[in-house]
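Report on one structure; see the data block that follows.
Just follow the structure's listing: the first ligand is 1, and inside any ligand the first atom is 1.
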Amino acid sequence: MYAQMVKSTGEGVRAREDMSPEERHFQDRVDAGEKIEPKDWMPEGYRKTLIRQIGQHAHSEIVGQLPEGNWITRAPTLERKAILLAKVQDEAGHGLYLYCAAETLGISRDEMIEALHEGRMKYSSIFNYPTLTWADIGAVGWLVDGAAIMNQVPLQRTSYGPYSRAMIRICKEESFHQRQGYDIMMKMARGTPEQRRMAQDALNRYWYPSLMMFGPSDAESVHSAQSMAWKIKINTNDELRQKFVDQTVPQAEYLGLTVPDEHLKWNDERGHYDFSEPDWDEFFQVLRGNGPCNRDRMEARVKAWEDGAWVRDGLLAHAEKKRARRVAAE
Ligand code: 3HC
């Protein structure tokens with residue numbers, strides 16, 4: 001598998017003969033399926049790639065609270081409100097597990113948050129799209145959490161111990177999120193003609209941005225080859241995108257909704273659906289900060305961080321006071 005990656009990409013992965021003895025030993029451990037733990041020796045590139053990926057993932061969980069948080073006060077029933085509230089709180093918890101996992105690699109949460117606010121770290125493109133109607137909350141749960149699970153289930157087997165353990169917990173909760181989204185879509189799709197129209201409209205707007213969540217096509221992916229050799233990633237972006245389409249199309253059919261892709265067709269020979277690629281120019285524009293909500297999202301996060309400064313200062317002062325008292329008593 002490792003040798004295959006070198007061959008298929010031709011770049012990005014260090015050849016075994018160019019590795020130092022430590023790197024070779026490290027690669028052997030990864031290939032044997034051993035978990036790498038924080039105090040183990042690791043190549044600097046492995047550490048940096050993990051900080052980038054886990055940090056980006058943590059930021060996505062936190063920024064991802066915004067589009068759904070937008071609907072907590074407007075949920076149609078008390079039950080829907082309680083479910084949505086629980087889901088949004090879960091996302092905050094996921095962000096915290098992931099920040100903790102990244103911190104074991106020698107970066108602080110403050111440094112990661114500063115990098116996010118200064119545009120040096122990314123978060124998932126999907127959260128730069130608006131949630132315009134209640135049906136969008138259904139589509140986000142069904143498609144966005146559905147895509148997130150597709151990507152994250154294999155990451156439970158990732159080589160870095162703290163990341164892998166965080167993913168096991170997160171995946172359990174994500175699966176509830178996906179089901180609550182699908183449940184909203186079922187209600188809407190079987191509701192009044194207007195509710196049905198809203199459900200179809202939400203699918204129309206969220207389909208391609210959900211496909212973009214898996215990252216650029218394999219030909220354009222910068223990090224996949226090395227990340228897969230290190231088992232930081234288990235599948236390529238295109239593999240997961242295809243799996244997501246194959247799983248989601250029958251779900252849309254069950255809802256009686258139409259996937260907005262005139263080229264979507266089951267291909268017997270491949271045993272998969274053929275489908276249209278998303279608009280990659282739009283994807284890269286969103287990554288450059290030019291999506292519909294990029295500016296709002298960052299403003300909201302920076303404001304929350306600044307408004308919360310007094311809480312962090314108070315907690316740190318309290319911890320310092322406790323420490324000083326303990327030292328004085330010793
Ligand atoms: N949004 C933003 N940036 C993206 C992206 C996306 N959907 N897909 C790729 N990119 C960026 C990469 O970060 C990279 O940029 P960088 O070099 O500046 O960091 C560039 O595009 C090239 O992409 P690659 O394919 O080379 O990047 P990766 O190998 O890192 O693959 C990934 C991208 C598949 C997203 C991978 O990082 C990954 O699996 N990450 C972990 C999962 C994750 O972050 N999920 C967030 C989803 S949202 C979520 O979980 C919240 C839930 O509540 C719904």
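Because its NZ or CZ atom is not both nearer than 6.0 Å to the ring centre of W230 and within 45° of the ring axis, R14 does not count as a cation-pi partner of that residue.
Considering both main-chain and side-chain atoms, Y163 never comes within under 3.5 Å of ligand 1 through any nitrogen or oxygen pair. No N or O atom of A148 sits closer than 3.5 Å to an N or O atom of ligand 1. Polar contact with ligand 1: present for N151 (N/O pair, distance under 3.5 Å). The shortest N or O to N or O distance between V222 and ligand 1 is under 3.5 Å.
At a heavy-atom distance under 4.0 Å, atoms from both the backbone and the side chain of H223 approach ligand 1. Contact annotation for L287 and ligand 1: only side-chain heavy atoms (C-beta onward) come within less than 4.0 Å of the ligand. Contacts between H177 and ligand 1, counted as non-hydrogen atom pairs separated by less than 4.0 Å, are absent for every part of the residue. When non-hydrogen atoms are compared, ligand 1 lies under 4.0 Å from the side chain of K233 (C-beta onward) but not from its backbone. Both the backbone and the side chain of H57 come within contact range of ligand 1, each with a heavy atom under 4.0 Å. Residue-level proximity to ligand 1 for N237 is carried by the side chain, the only part with a heavy atom below 4.0 angstrom. At a 4.0 Å heavy-atom cut-off, ligand 1 touches F283 through the side chain alone.
Remark: side-chain polar atoms of R196 are paired, donor with acceptor, to backbone N or O of G256 under 3.5 angstrom.
Considering all non-hydrogen atoms of both residues, D279 and M212 come closest at O-CE, 3.6 Å. Across all non-hydrogen atoms, the minimal contact from P216 to R241 is O-NH2, 3.4 Å.
In this structure, W305 and H117 have perpendicular ring planes: the angle between them is above 60°, well past the 30° mark. Ring orientation note: the planes of H94 and Y97 are tilted relative to one another, at an angle of 30° to 60°.
Under the ring pair (Phe, Tyr, Trp, His ring centres under 6.0 Å) rule, F244 has a single partner from Y273, F275, F214, which is F214. Considering L211, D261, V259 in turn, D261 is the only one that fulfils the side-chain contact (heavy atoms from CB on, under 4.5 Å) rule with S276. Screening R179, Q180, M186 for a side-chain contact (heavy atoms from CB on, under 4.5 Å) with Y182, the sole residue that qualifies is M186.
The protein does not reach atom 20 (C) of ligand 1 closely, with no heavy atom under 4.0 angstrom from it. Of the protein's heavy atoms, at least one falls inside 4.0 Å of atom 54 (C) of ligand 1.
Nearest residue to atom 49 (C) of ligand 1 from Q65, Q152, H94, Q53 is Q152 (criterion: closest heavy atom). Considering R120, M213, M121 only, the shortest heavy-atom separation from atom 47 (C) of ligand 1 involves M213.
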